[in-house]
**Q** 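Pasting a structure below so you can have a look.
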Amino acid sequence: MKGPLLVIFPHPDDEAFSSAGTIIQHRKEGWPVTYVCLTLGEMGRNMGSPIFTTREELPKIRKHELEDACEVMGIQDLRMWGLRDKTVEFEDEEELSARFRSLIDEVNPATVISFYPGYAVHPDHEATARAVVRALQEIEDSKRPEFLGVAFDRRTEEELGQPHVIHDVTAESEQKKAALFAHRSQTEGLLRAIDHAENAHVMELLQRERFYHYPFS
Ligand SMILES: [Zn+2]
């Protein structure tokens, strides 16, 4: 059973790597998907491979890439909040969480996808994860949407165990690849590697999406 899906990530491409297949499945079944992307990833290290942009042009390019990726995934409700890349960790957590709370009230999702706090590696990821979980924590148990947390720290399996939810997105893998490719300033090098070496890690990335539930108290 599915329903409206709310996806919250700090950087363009976070969604494509972690959840494109899940998003595409929701859209195929006719559920609305709202994607809130907090920054334009303008501090990203990659400027194409080979390099095709400059630091000044990068935000514009990543915005277009994000829009293209959303088109591939069928997301009609894309919201760019325009926070500065690499500074989400300095946002006031209470304020950010209150913004997420009103977003959740407005979108009324059955499921929320974001990073899982403590296992999301990058400071912007962690700050996003903490504020999302805090917003969800305030909702009473019976009304709280399902939370699917993306965790990819190397401690994840040792400490959290096997993923609680694994989506087989093999049928969506070509579209997922296209969504990843839409973020070409960030992923072109990676995708060239995909074409040359059908390695297990890449197949896993394209065919299975792994999520953890959070133990809300
Ligand atoms: Zn990111």
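Keep in mind the model is a prediction, meaning the values are calculated, not measured. We count ligands from 1, going down the list as the structure has it; atoms in each ligand are counted the same way.
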**Q** For His11, what is the atom name of its N, O or S atom nearest to the Zn ion (ligand 1)?
**A** ND1
**Q** Is it true that Arg144 and Glu138 have a side-chain N and a carboxylate O under 4.0 angstrom from each other?
**A** no
**Q** Using a cut-off of strictly less than 2.8 Å, determine whether His122 has an N/O/S atom near the Zn ion (ligand 1).
**A** no
**Q** Examine all N, O or S atoms of Asp14, backbone included, and report whether one is under 2.8 Å from the Zn ion (ligand 1).
**A** yes
**Q** Can Phe9 and Ser19 be said to form a side chain to side chain contact (heavy atoms under 4.5 Å, CB included), step by step?
**A** CA-CA 11 Å; Phe9 285 117; Ser19 353; 3.7 Å; yes
**Q** Taking NZ, NE, NH1 and NH2 as the nitrogens, is one of them in Glu57 or Lys60 under 4.0 Å from a carboxylate oxygen of the other?
**A** yes
**Q** Is Asp77 paired with Arg79 through a side-chain N to carboxylate O contact shorter than 4.0 Å?
**A** yes
